[in-house]
Amino acid sequence: MGIRTMPWNEWIELDSTYPHWQRVRKFRVRTRGHDAVRVLPAREDESVKVQGGEWAAKELVYELAEYLPRRYPSSFRVTRLLDGVPAPSIGGVSLAWGQQQPVQTIEAVETGEKFDLGVLEGLEGIEMGEEAMRITAGLIQEDVALMIEGTDGKYYFQAGAICIPGFWRMRDKIGMTLDDIHISGNVPQFKEKLQTSMDRFFKRMPVDKPVIRNNYFIQTCKPHVAHADSEPRLNVEEECAFEVDPEELGWSESTNGPEDTFLHGHGHAAQPAAYLAPSTLRLRSERQTLRRLPRTGAIVFGIRTYLFKIEELARERGVADRLASAIRSWPEDVGVYKGRKMYRDVLLNYLDECAARDGNIGVQEEERGYPY
């Protein structure tokens, strides 16, 4: 599984891309609807019973409202309910940390967005849960999936704020068990090497031991073309996906084809683009976190995405050679899963050229006693 212990101060990461990321996420929530934010009701049939995702969604947004201003005090401001005002709770347990009153409003300073958690008290069921997930999407750069245990011991994907998945669609996976999500997505060697250990890990995961892992893919994006009217439009309704998201953060159409006709489990299905070149290739890395919520017991799966231009990475000495070696080392099934055939020749030829350049520079530096 490749997991490691996650320090609590690393649960949510913010960086200088926050305003742009949030613009993309807000656009996706507005234009993709239930493909970006969705909460399922309770499931009760003959085979299994699973709680709906609404209470876990509410618990999550209150956890973030406590965590963010503590971790990033200059980036978030909160107000709290006045003393004596009944505190929002789950199962009779207050949603505040410690002895304070719960958060009433939270503001993201960089974007100026202010969210009133009090609106959740006037909503019920799925409507309440989806509003909680929309607030979550507006606060953090991570996508979030909430996994809830059913009476059969399996974990079900019951709620999500999946705004920038890039390579998969929530509609294809929500409601599925953890196992079915991976099997239907054709994750290499899942049944043979991962299924048993992952099921066991989810069942035993304690509240106080969050974990983290990383993965990476290669994706293509359209070339950037400067236009005279490239300033953001005042009327956001007129914005198009390419204007808001030229790097294809939300959906990698250049790699997977159109989002609405995507065939689940068949990523990298687009024909190699005519503009496929080192300048349009990106390393897409995901920082994935898992933690259990203390009140509902739901597991929060956080996905923090990073995009790096291959040309910029290759300028770092030694990176080109290591990345080329890693891509060549993928087993065939992993190569298929990561779409290596689409970009292999263009990318590896470029990386090899950069690695050769690095080697020549290294020889010259050794001859003159680098760094002196």
Is D260 salt-bridged to R32, going by a charged N under 4.0 Å from an acidic O?
yes
Any Lys/Arg nitrogen of D245 or K222 sitting under 4.0 Å from an Asp/Glu carboxylate oxygen of the other?
no
Is a side-chain donor-acceptor pair under 3.5 Å present for S279 with E311?
no
Shortest non-hydrogen contact between P165 and G250, atoms and distance:
CD-O, 3.3 Å
Give a yes-or-no answer on whether the side chains of S75 and E110 include a donor-acceptor pair shorter than 3.5 Å.
no
Could you verify whether a donor N or O on one side chain and an acceptor N or O on the other, from T280 and T220, lie under 3.5 Å apart?
no
Does W251 CH2 have over 12 foreign heavy atoms under 6.0 Å away?
yes
Are the side chains of W168 and H264 in contact, using a 4.5 Å heavy-atom criterion?
no
Hey, does D116 have a side-chain heavy atom less than 4.5 Å from the side chain of Q104?
yes
I'd like to know if E247 and K309 make a salt bridge, using a cut-off of under 4.0 Å between side-chain N and carboxylate O.
no
Residue pair Q288 / N214, side-chain donor-acceptor N/O under 3.5 Å
no
Picking from I174, L146, V50, I181, what satisfies side chain to side chain contact (heavy atoms under 4.5 Å, CB included) with Y156?
V50
For E59 and P294, which heavy atoms make the closest approach, and how far apart are they?
OE2-CD, 3.2 Å
What are the two closest non-hydrogen atoms of E63 and R295, and how far apart are they?
OE2-NH1, 3.3 Å
How about F202 and L178: do any of their side-chain heavy atoms sit closer than 4.5 Å?
yes
Looking only at side-chain N and O atoms, does D179 offer a donor or acceptor that is under 3.5 Å from a partner on T177?
no
All heavy atoms of V78 vs all of P69, minimum pair found to be CG1-CG, 3.8 Å
Over 12 foreign heavy atoms within 6.0 Å of CZ, R4:
yes
D358 side chain to G318 main-chain N or O, any donor-acceptor pair under 3.5 Å?
yes
Using only heavy-atom distances, determine whether the side chains of R282 and Q219 contain a donor-acceptor pair under 3.5 Å.
no
Basic-acidic side-chain contact under 4.0 Å: R80, E66
yes
Report yes if some heavy atom in the side chain of R292 is under 4.5 Å from a heavy atom in the side chain of V300; otherwise report no.
no
Would you call the rings of F76 and Y18 parallel, tilted or perpendicular, where under 30° means parallel and over 60° means perpendicular?
perpendicular
ILVMFWY clustering at 4.5 Å (side-chain atoms), partners of I310
Y216, I218, L276, L281, L283, Y306, F308, L313, V319, L323, I327, W330, V334, M342, Y343, V346, L347, L348, Y350, L351
Are the side chains of T289 and F301 in contact, using a 4.5 Å heavy-atom criterion?
no
Do the side chains of K341 and E332 get close enough for a salt bridge, i.e. N-O under 4.0 angstrom?
no
Should E259 and R28 count as an ion pair when the cut-off is N to O under 4.0 Å?
yes
Rounded to the nearest 0.5 Å, the CD1 atom of I299 sits from the CG atom of L290 at a distance of 6.5 Å
Identify the heavy atoms of A87 and S94 that sit nearest to each other, and give their distance.
CB-OG, 4.0 Å
Looking only at the side chains, is there a donor atom on one of K191 and Q195 sitting less than 3.5 Å from an acceptor on the other?
no
Give me the atom names and distance for the closest heavy-atom approach of W11 to L64.
CH2-CD2, 3.7 Å
Hey, which of Q22, E107, K26 is the one that makes side chain to side chain contact (heavy atoms under 4.5 Å, CB included) with E113?
K26
Below 4.5 Å, heavy atoms only, C-beta onward: do H182 and L194 meet side chain to side chain?
no
